[in-house]
Peer 1: 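Please find one structure pasted underneath; my questions will follow.
Hydrogens, waters and symmetry mates play no part in the numbers below; they use all other heavy atoms, side chains included. We count ligands from 1, going down the list as the structure has it; atoms in each ligand are counted the same way.
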Amino acid sequence: MAYETIKTETRGAVILVTLNRPKALNALNRQLIAELSDALDKYEADPDLRCMIITGSEKAFAAGADIKEMQPYDSVTAYVENLLGEWDRIPRTRKPIIAAVAGYALGGGCELAMMCDFIIAADTAKFGQPEINLGVMPGGGGTQRLTRFVGKSKAMDMCLTGRMMDADEAERSGLVSRVVPADELLGTAFEAADKIADMSLPAVMMTKEAVNRAYETTMAEGILFERRLFHSAFGTEDQSEGMQAFIDKRSANFQNR
Ligand code: CAA
C-alpha cells in the first residue's frame, strides 16, 4: 500500500510514522486511519521492528477526526458503518507505540495519542476534547481514557467546556509522561524508543499487556495476571541472559526469545 496521508521511516529497529495531512492539520480521515492500520500490521509482522513512534507536525499532532468527512453522516449511517470503529486497530497493537506530540492534539488527535503507550509532549502541545463545540461528544474513547488519565473533574471540565490543556498542565495531570522543548521532541522520543528496542521483546510485550490490564480489571485480578506473565518470562532465554549479565557486571545481549 502506497501511503498518501502518513509518512514512514525506519531507523534501526524503530519505525517513525508521521501524520501527513498538513493542510487539514492532520485531521484523521478514513484514509489516514486505514494507512496507519496498514503500517501497524507491517510493524507487528516485522521481527526487526521493536518500537513505533507516531508524530505529527510542529503545529498539529492531529486536530481531530475529519469534521468535513463526518458532517454528512446521520445516526443510521454512523451506526451501520460503525463510524470510527476502524480506530480500534490502534489499541490492539501488542508492540510498543510512543506518541510524540507537538501543537494541537484535539478530539480524535488527543484520543489517538492516548491509544499509544505513553505520550512525550513538546512544550507547544495542546490537548483537548472540543467535540462539544460541534454539537457532539468524543467518539474515539476520549470520555473513558481521558477520565482514567486525569480523573473525573478534569475530564469533565475538558469534555464539557471544550477547553485545551497546555503541556505543563497535561504533565501535572498525568496525561503525558514528559515535556521537552519542541526542538528536542523527536530526539527524546527516539532515545526512549531505542532504549525499548534494546530490551527483550517478549518482556516488553508482557509489560505492555500487564499495564494495560490495570485499566480493564480489578486490582486482585490484575496482580494475578501480572504474576502469571512474570512467571512465564522465566521461560525466555532473555531472562536467563538478563540476570546473568547483571551478575557478570556486563550489558545483556537479548535474543528476544
Ligand atoms: N477536520 C477537518 N478539517 C480540519 C480539522 C478537523 N478536525 N481541523 C482543522 N481543519 C482544517 C480547517 O478546516 C482548515 O482547512 P481550510 O484551510 O480548508 O479552511 C485547516 O485545517 C486549518 O485550520 P484552521 O484554519 O482552523 O487553523 P487555525 O490555526 O485557525 O485553528 C484549530 C486551529 C484551533 C485546531 C482549529 O482548526 C480547530 O478548532 N479545529 C477543529 C478541532 C476539533 O473540533 N476537533 C475535534 C474533531 S471531532 C472528533 O475528533 C471526534 C472524535 O472524538 C474522534
Peer 1: Which residue and non-hydrogen atom of the protein lie closest to atom 38 (C) of ligand 1, and at what distance in Å?
Peer 2: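 For atom 38 (C) of ligand 1, the nearest protein heavy atom comes out as L106 CD1, 4.8 Å.
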Peer 1: My question is simple, although I want it checked carefully: is atom 43 (C) of ligand 1 less than 4.0 angstrom from any protein heavy atom?
Peer 2: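 So atom 43 (C) of ligand 1 has protein heavy-atom neighbours under 4.0 Å.
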Peer 1: Would one find an N or O of E131, backbone or side chain, under 3.5 Å from an N or O of ligand 1?
Peer 2: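 It does: an N or O of E131 is found under 3.5 Å from an N or O of ligand 1.
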Peer 1: Listed by chain and number, what are the ring-ring contact (aromatic ring centres under 6.0 Å, His included) partners of Y3, not counting sequence neighbours?
Peer 2: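 Y3 satisfies ring-ring contact (aromatic ring centres under 6.0 Å, His included) with no other residue.
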Peer 1: With respect to K59, determine whether any N or O atom, backbone or side chain, lies less than 3.5 Å from an N or O atom of ligand 1.
Peer 2: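 Min N/O separation from ligand 1 is below 3.5 Å for K59.
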Peer 1: Under 6.0 Å from the OH atom of Y73, do we count more than 12 heavy atoms belonging to anything else shown?
Peer 2: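 Counting other residues, nucleotides and ligands, OH of Y73 exceeds 12 neighbours.
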Peer 1: So for atom CE, which belongs to M219, do other residues, nucleotides or ligands contribute more than 12 heavy atoms lying within a distance under 6.0 Å?
Peer 2: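 No, because the 6.0 Å sphere around CE of M219 holds 12 heavy atoms or fewer from other groups.
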Peer 1: Short check: is a protein heavy atom less than 4.0 Å from atom 18 (O) of ligand 1?
Peer 2: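 There is a protein heavy atom less than 4.0 Å from atom 18 (O) of ligand 1.
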Peer 1: What atoms of ligand 1 come closer than 4.0 angstrom to any heavy atom of P138?
Peer 2: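 Numbered from 1, ligand 1 contributes 53 (O).
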Peer 1: Are any of the N/O atoms on I67, whether in the backbone or the side chain, positioned under 3.5 angstrom from an N/O atom of ligand 1?
Peer 2: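 In this structure, I67 places an N or O atom under 3.5 Å from an N or O of ligand 1.
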Peer 1: Non-hydrogen atoms of P130 versus ligand 1: any pair closer than 4.0 Å?
Peer 2: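 Contact present.
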Peer 1: Near M243 CE, under 6.0 Å, is it more than 12 heavy atoms from other residues, nucleotides or ligands?
Peer 2: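 Yes, enclosed.
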Peer 1: Just so I know, are the side chains of I33 and L84 near enough to count as touching, which here means a heavy-atom distance under 4.5 Å?
Peer 2: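 The answer is no, as the side chains (C-beta and beyond) never meet within the 4.5 Å cut-off.
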Peer 1: Near G140, which atoms of ligand 1 are under 4.0 Å from a heavy atom of that residue?
Peer 2: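 Near G140, the atoms of ligand 1 are 53 (O).
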Peer 1: Look up atom CE in M205 and atom CD in E209, then write down how far apart they are to the nearest 0.5 Å.
Peer 2: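 These two atoms lie 8.0 Å from each other.
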Peer 1: For atom 45 (N) of ligand 1, which protein heavy atom lies nearest, and how many Å away is it?
Peer 2: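 Answer, as residue, atom name and distance: A63 O, 2.9 Å.
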Peer 1: Which ligand 1 atoms does G107 reach within 4.0 Å, using its non-hydrogen atoms?
Peer 2: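 Answer for ligand 1: 46 (C), 50 (O).
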Peer 1: Please list the nearest protein heavy atom to atom 16 (P) of ligand 1 with its residue and the distance rounded to 0.1 Å.
Peer 2: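 Result for atom 16 (P) of ligand 1: K68 NZ, 3.8 Å.
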Peer 1: Evaluate the criterion salt bridge (Lys or Arg N to Asp or Glu O under 4.0 Å) for residue pair E9 and K7; output intermediate values, then yes/no.
Peer 2: CA-CA 7 Å; E9 181 190 333; K7 291 193 278 189; over 6 Å; no
Peer 1: Report the part of L134 (side chain from C-beta onward, or backbone N, CA, C, O) that has a heavy atom under 4.0 Å from ligand 1; answer both or neither where that applies.
Peer 2: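 The side chain, only.
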Peer 1: At what distance, to the nearest 0.5 angstrom, does CE of M165 lie from CD of Q129?
Peer 2: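 CD of Q129 is found 10.0 Å from CE of M165.
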Peer 1: Just which atoms of ligand 1 are under 4.0 Å from any heavy atom in L84?
Peer 2: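 With L84 as reference, the close atoms of ligand 1 come out as 54 (C).
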Peer 1: Could you tell me whether atom 1 (N) of ligand 1 has a protein heavy atom closer than 4.0 Å?
Peer 2: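 Yes, at least one protein heavy atom sits under 4.0 Å from atom 1 (N) of ligand 1.
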Peer 1: Return yes when atom CD of E81 has more than 12 non-hydrogen atoms of other residues, nucleotides or ligands closer than 6.0 Å, and no otherwise.
Peer 2: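 Above 12, so yes.
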Peer 1: Could you tell me whether some N/O pair between M70 and ligand 1 is separated by less than 3.5 angstrom?
Peer 2: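 N/O-N/O distance under 3.5 Å: no.
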Peer 1: Can you tell which of I6, L28, N29 makes a side chain to side chain contact (heavy atoms under 4.5 Å, CB included) with R21?
Peer 2: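 With R21 as partner, I6, L28, N29 yield a single side chain to side chain contact (heavy atoms under 4.5 Å, CB included), made by N29.
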Peer 1: Within a reach of under 6.0 Å around CZ of R94, are more than 12 heavy atoms found that belong to other residues, nucleotides or ligands?
Peer 2: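 No, not enclosed.
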Peer 1: Is ligand 1 under 4.0 Å from a heavy atom in the side chain of L28, in the backbone, in both, or in neither?
Peer 2: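 The answer is neither.
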Peer 1: Strictly less than 4.0 Å: does any protein heavy-atom distance to atom 13 (O) of ligand 1 fall in that range?
Peer 2: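 Given the 4.0 Å cut-off, atom 13 (O) of ligand 1 counts as touching protein heavy atoms.
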Peer 1: Could you tell me the residue and atom name of the protein heavy atom closest to atom 37 (O) of ligand 1, and the distance to it rounded to 0.1 Å?
Peer 2: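 So the nearest neighbour among protein heavy atoms is L25 CD1, 3.7 Å.
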Peer 1: Show which atoms of ligand 1 fall inside a sub-4.0 Å distance from at least one heavy-atom site of G139.
Peer 2: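 Under 4.0 Å from G139, ligand 1 has these atoms: 52 (C), 53 (O).
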Peer 1: Checking a contact table here: which protein heavy atom is nearest atom 54 (C) of ligand 1, and how many Å away?
Peer 2: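 Checking every protein heavy atom, the shortest distance to atom 54 (C) of ligand 1 gives E111 OE1, 3.1 Å.
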Peer 1: Do E216 and N212 have side-chain atoms, one donor and one acceptor, less than 3.5 Å apart?
Peer 2: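 There is no such pair (donor and acceptor under 3.5 Å, judged by atom type) between the side chains of E216 and N212.
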Peer 1: Quick one: nearest non-hydrogen protein atom to atom 11 (C) of ligand 1, plus distance?
Peer 2: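 So the nearest neighbour among protein heavy atoms is A24 CA, 3.9 Å.
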Peer 1: Among all protein heavy atoms, pick the one closest to atom 20 (C) of ligand 1 and tell me residue, atom and distance.
Peer 2: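 Looking only at protein heavy atoms, the one closest to atom 20 (C) of ligand 1 is K23 O, 3.2 Å.
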Peer 1: State whether a side-chain donor-acceptor pair under 3.5 Å links Q255 with E241.
Peer 2: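 Their side chains do not contain a donor-acceptor pair, so the 3.5 Å distance test is not met.
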Peer 1: Could you grab the distance from atom CD1 of I53 to atom CD1 of I97, nearest 0.5 Å is fine?
Peer 2: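 Answer for the CD1-CD1 pair, I53 versus I97, is 11.5 Å.
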Peer 1: Is the closest N or O pair between A65 and ligand 1 shorter than 3.5 Å?
Peer 2: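 Yes, at least one N or O pair falls under 3.5 Å.
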